[in-house]
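Below is one structure; the comments refer to it alone.
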Amino acid sequence: MAGTPGRKVLPDVLSASQLHPDAPTGQLHPESQRVQLQGRCGSCTEFLIHHLFVPEFDGKNVSSVMGFESNQLPANAPIEDRRSAATCLQTRGMLLGVICSLFGVLIHFFALSERLFYYIAVSLLPHDTLCELEASVEAGRAFSPILQWHKHPNDYFTREAQSLYFNSLRTYWQELIDLTSPGDVPDTREALLNAFKRLDNDISLEAQVGDASAFLHYWVLRVAFSGATACVAHIDGPDLYIANAGDARAVLGVQEEDGSFSAHTLSNDHNAQNDSEVARIRSEHPHSERKTVIRQDRLLGQLMPFRAFGDVKFKWSIELQKRVLESGPDQLHENEHTKFIPPNYHTPPYLTAEPEITYHRLRPKDRFLVIGSDGLWETLHRQEVIRIVGEYLTGVHQRQPLKVGGYKVTLGQMQGLLEERKARMSSAFEDQNSTTHLMRHAVGNNEFGTVDHERLSKMLSLPEELARMYRDDITIIVTQFNPHVIGAQRQDDES
Amino acid sequence: MAPGLLPRLLLPQMGFRLAGRGLWTSPQCLAVSGDSQLPPVPGQARVVICGGGIVGTSVAYHLAKLGWTDIVLLEQGRLGAGTTRLCAGILSMAKPISIESQMANYSSSLYQQLEEETGVKTGYVKTGSLCLAQNQDRFISLKRLATRLKVLGINCNIIKPKEIAKLHPLVNIHDLVGALHLPDDAVVSSPDVNHALAVAAARQGVQILDRTAVQQVVVEKGHVMAVETDRGSIECEYFVNCAGQWAYELGQASEVKVSVPLHGCEHFYLLTKPLQEPLAPNTPVIIDMDGRMYARLWQGGLLSGGFEKNPKPIFTEGRNQLEIQNMQEDWDHFEPMLGALLRRMPHIETAEIHQLVNCPESFTPDMRCLMGETPGVSGYYVLAGMNSSGLAFAGGAGKYLAEWMTYGYPSANVWPLDIKRFGNLQSSRTFLRHRVMEVMQPRVQTHSFEFLPYDFWRYLLSLDQSKTFYKPDWFDIVGAEVKCCKEAVCVIDMSSFTKFELTSTGDQALELLQYLCANDLDVPVGHIVHTGMLNERGGYENDCSVVRLSKNSFFIISPTDQQVHCWSWIKKHMPNDPHLHLEDVSWKYTALNLIGPRAMDVLAELSYVSMTPEHFPSMFCKEMSVGYANGIRVMSMTHTGEPGFMLYIPIEYALHVYNEVMSVGQKYGIRNSGYYALRSLRIEKFFAFWGQDLDTFTTPLECGREFRVKFDKDTNFLGREALLQQRQEGVFRRFVMLVLEDHDTELDLWPWWGEPVYRSGQLAGTTTSSAYSYTLERHVCLGFVSPPPGPEGLPMPITPDFINRGDYEVNIAGQRYPAKAKLYPFSSLFTQQKRRKEDMELSNLQGK
């Protein structure tokens, strides 16, 4: 079956009988399952924190980004989503993104997130810097790094196919040098657009050309035949760009004057729920395909997001697919999936990696940005997400010590105040990180909007085979802005 | 000195004076007037005391009283600028152990007369105090405390909730079961007491220098030589570390590091503005241990603090003293204590907050203070770690330490406070930091802990301890273990015991032991001798088993808490001879105690050697192989009076031997057993234990162990003179065994230790330990009794008649239970061994 993991039928079905080790549960071995349940139920907090990632900023740079936190909760092991964060060193700005693989356990696809950031960073480089870069590569000199990665200890860089990818990247900047003239500084919107499109092209091209090494050949083909959506934010001072292709989403948390939080969505989902996307797809194909191009809310009845990297099944012509597969290494033929041609496949391409770019000029009241994979937005409404993160972050601030100073305060008043502070903290206190906190809500929320611990631990202790049926992978990045810096920068810009 | 360079700590004091309306009036500086030139540091002195808080000044005061001259007291900031300045000022005698209550009692009378002696106002107000009980368990523990306080002559009584309301109008009594009222408790201003003590000491010639920081203590050949300060060096004979919070760091700052195991912890209390309806100035102090809070009257308002469940340790990495002035208030942290206060006194809700004070206190691993000469450096004394009772203890503790320095030992048994009870285990900073967060929990104080002076073990044990004072839930388990010890065989891990090896090339080792031990050590190789190591007064410094391994080497086994104490005792008397060597081998050997009639069968099977009493007589040691392991010291003794063996196993073989013993023992019904079983067995047989029953004031004659004193051995031994004299004069108290009668094990409160003993209605002594005897099916208490003083108040010698002819009663939490006093154990308990021997002989006969 193609497409994202089966839509989740949630969780009233999660009855005891299904989890009870003694109940007949098909292939699940009762004993091993019990062990797993006990092992994991013990500490939800530990489990959630497993992927948490809070990089330290050196504080020397006065950045509009105060810090960011991220977390991943896998339904699949290893997780199919990936979050990345990096600072552009040659130009200003910071990149944060969530990349979701569409199906299959494809570890090597992780390379995509790194490549995408490099493509964006190169696209952002002015002509002169590109020339310097090329010159130093040509001369075999060391060149100053383009990106500084903010890595979690668990993250790793992909080593395979590195030289292949580097050559593609180099070709790209060589072309950029040819296309631009000295003094040119690229426009961020264009740069993001080009980077996405170029990378998708390169993935496709690499697969078509193949490689002398059988392993690499197989590799590039697997990459091309798998798909991924991406949602990337580029933040430079008060300028925020979102480039989105697929169904991940970026939402801004805005603090209103009364202190409450409201959500401001910065990206559109590219799926059947988005009318303009439906219209776009239909307009790109003949009228005769009107009924078949989107069926059951899916592209050709198969794919849920309407934009994605890779997935050449929906991009190449049938002839090209057959030709490439025939010349490809044998291992590929064992995979039925690659041979499958979607039904009603008449006028490819059906799928594109062209991102939709949104620009937003940050205001001091814009406090944080949440980028989350579709798994998050399916379980929590965006307004709810913003409320949870907002209250968590301000709660942290309210932890600042209380002082009586010279005020007249009675013991009773003080007790009331302290109890209120305590109540507000009690739920947030367990988590050290806003994304962990959000994750807990996403997985464990009950009908009252509060975390049901029993439910949470049930969800977390699902065995891997079952986890996919009840929840998707969830990846979240929460970026906190520094309102003072943003305010000052806006003033500088205006004056 | 320019005003700009004044020490920062002056400022908060002034802040207090403005805000505090008088209580915190800083004591005027004594030795220096204003901030003019400091007097020079003297080049030498007899004693240097470091720390100008209430503890340091008390030591100086008492030393001067005992006639010492040439004393210098150093303070790095101002006098009483540390914890003393912020102390809550409650002087209560309700302390968990008797020696602490005694110290508080003395402090109370000292502070009371100090104003008269010095003319310095100390703010002493006799308010009395109320210890509240919210539940029955707490109430029982207060009743037990009351019986103990009465023995010490401290006025106290148990009262009903209605009477509480009469004494303190603000207290909500609806959830209270009762209270302990101590009418003689008081509040006092600790900085003023500190000041008064300093004035009195200065009058006696003590030289007090403030703003002088100790940098290093110079040690030469294990003895204090000099103290280096930031203003010059002072040669001295004695050094006293009274540095409070900084005592640990100061201990590290000597050439030979001294371990002072304490750790700082933040402590908060609240001050309110004056109440609208003022309370009488003698309204008692409230101590609500279940609510974890206390409250006293303060300047018309209240002062209330508490001990939280999540204490905040501080100064782990050590800090400059000046930081103590800048402690932050933390209201969120104080929230539970504020809640507790408002639950206890709902009416003060409308009182206005004056201030939240953060006063750091230092805590020790067992919540008892650290006192005495350090084991490593002679002349280096410590008095610190007051566990938030510095004010109550300072007077008494200072007196005891001064006596210790003067006479070599204080006038009371301070072993529970002796710094030598701690070993290296407790000096880890991480251990202390974590431990301090545990000890702050005010537990209901229940059972005694013997054998396990290491806090570690103690803590582990307390986990499964039932919190009630009635029959504990482990009753049947221990019963089964005891039965197994009597009928089959049990294994008890006794590895924590202290083990030393003393060897020499010639007969120096024997000579030393003959001098230190009362028993005769010149026995054939392989024999074990039970002996006391006595001090000059004939009291037990140690009670140990000594094994003669070879002609010139001995293996000494002592209780666990003797590790540091016994080491320093032997070292102190050991000639400086390179051919005489003492080694601590405690961690080299695992000790397994095989108790029970079938122990010999298990061992015989594992070693292919006959272990019957004919081949392996009692009190004998052989090195042999057990299983595949070689070189195991097997000793025919069990510390319980039951037949069996102690195995001292080199640590690398321990697991193997244990496994072998367990697997072979299976057919003999072997099982693991614990210390409670051991205690029941030894107490029913009237075996005394050092640290519990015996202390440095107990002589062998007082506990019926004259047979272990060899007056006629050909060498003199320590304590011989005193014992000879005592034999002549008779003993004034006697260790007895009290078997409770008419005591219902199921329903009545259990005795543990410290219960008063009455003879014919008259107080005659206290118990020191007790256990349920599963054989006698009765409770057995061990303890001391003495006859009432004679006509001139002189102690009277005790006679067997006095013991045999009295009607004895043991007072458990206010209820008296009749008891039968005995001087000798029940011989029936030992017959089993004999019977077994006879059986063997019989079967041997039949076999032939």
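Quick caveat, the model's predicted, so the values are computed rather than measured. Each chain gets a letter, A, B and so on, in the order its sequence line appears, and its residues count up from 1.
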Worksheet item: Is the number of heavy atoms from other residues, nucleotides or ligands within 6.0 Å of CD (B:Gln276) greater than 12?
Response: no
Worksheet item: Take atom CD in B:Glu277; do more than 12 heavy atoms of anything else shown fall under 6.0 Å from it?
Response: no
Worksheet entry | For A:Met414 against B:Ile353, the heavy-atom pair lying closest together | CB-CD1, 3.6 Å
Discussion item. Ignoring hydrogens, what is the shortest heavy-atom contact between A:Thr410 and B:Thr350? Give both atom names and the distance.
Written reply: CG2-O, 3.4 Å
Worksheet item: Under the side chain to side chain contact (heavy atoms under 4.5 Å, CB included) criterion, do A:Val409 and B:Glu352 qualify, and how do the steps go?
Response: CA-CA 6 Å; A:Val409 188; B:Glu352 253 182 67; over 6 Å; no
Worksheet entry | chain A contact residues among residues 341-349 of chain B, heavy-atom distance under 4.5 Å | B:Leu341, B:Leu342, B:Ile348, B:Glu349
Worksheet item: Is there a side-chain contact between B:Leu270 and A:Leu411 (heavy atoms, below 4.5 Å)?
Response: yes
Worksheet item: Of all residues at least two apart in sequence or in a different chain, which pass the side-chain hydrogen bond (donor to acceptor under 3.5 Å, both in side chains) check with B:Ser92?
Response: B:Asp185
